[in-house]
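First up is the structure itself, then whatever we jot down about it.
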Amino acid sequence: MGFEGHAQVRARISAEMAAQMKTLEEYAVLAGQSHGHMCPGQILGIRMAMLGLKSIGIDDPVKARKRLLTFVEIDRCATDAISLVTGCRLGKRSLKFLDYGKVAATFVNLETGRAVRVVARDDARAKAKAMFPAISDASQAQLEAYKVMETADLFDLQAVRVKLKPEDLPGRPHSRVTCAQCGEGVNDGRERRLGDRILCRSCAGEKYYEPVTSDE
Ligand SMILES: [Zn+2]
Ligand SMILES: [Zn+2]
């Protein structure tokens with residue numbers, strides 16, 4: 001290995017810094033860009049993820065990418081920020097969306113099995129409004145309050161255990177079968193068995209769409 005030049009030292013240092021958890025302010029800039037607007041949900045999501053990660057012993061979400069899994073319980077603003085901070089993504093199977101309609105998320109350290117569920121407290125909204133009475137816009141008041149509110153006022157946190165199946169984890173698909181009715185391929189055990197037939201969930205009666213007929 002040769003002598004490290006100034007440019008190399010700078011590149012190494014910035015890479016090391018990038019690999020650490022950022023500050024709330026730094027994440028807020030990035031969240032505003034990737035989410036498309038700044039909103040209370042971004043601050044809530046950022047803080048929720050930072051708290052969750054720290055609680056499972058992860059200081060460096062970039063380095064811990066492969067041993068981190070996040071479950072989100074709502075498809076609203078906060079989820080984008082949670083994905084940004086954790087680096088967990090739907091397409092990597094490291095982000096799991098459960099449609100429970102709650103501003104809550106569970107963070108799992110795959111290496112240690114440690115997991116915590118963090119939920120935004122319902123009374124945080126009212127508390128936030130009371131903190132900045134001079135700000136007439138409720139959403140703006142909430143945004144500013146969420147930046148500075150005590151963690152315990154904002155969130156409830158509990159240690160949990162999450163049973164993970166191999167077929168739910170990142171990596172190559174564990175299985176692939178063909179639906180006996182529609183002929184479409186189904187990955188990772190998401191098929192249904194009806195008698196001796198292997199069916200996709202749609203053909204097994206769980207279809208969320210209806211085909212449009214030509215006279216409609
Ligand atoms: Zn938003
Ligand atoms: Zn099918």
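Order of appearance sets the numbers: ligands from 1, and atoms from 1 within every ligand.
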I'd like to know whether CZ of R65 has more than 12 heavy-atom contacts from other residues, nucleotides or ligands below 6.0 angstrom. no
Can a salt bridge be assigned to the pair D168 and R190 using a cut-off of 4.0 Å between side-chain N and carboxylate O? yes
Taking the Zn ion (ligand 2) as the apex, C200 SG and C179 SG span an angle, rounded to 10°, of 110°
Calculate the angle formed at the Zn ion (ligand 1) by NE2 in H35 and SG in C39; 10° precision is enough. 110°
Under 3.5 Å, side chain of Q142 to main-chain N/O of K129, donor-acceptor pair present? no
Any side-chain heavy-atom pair of R76 and V103 under 4.5 Å: no
If you round to 10 degrees, what value do you get for the angle at the Zn ion (ligand 2) between C203 atom SG and C182 atom SG? 110°
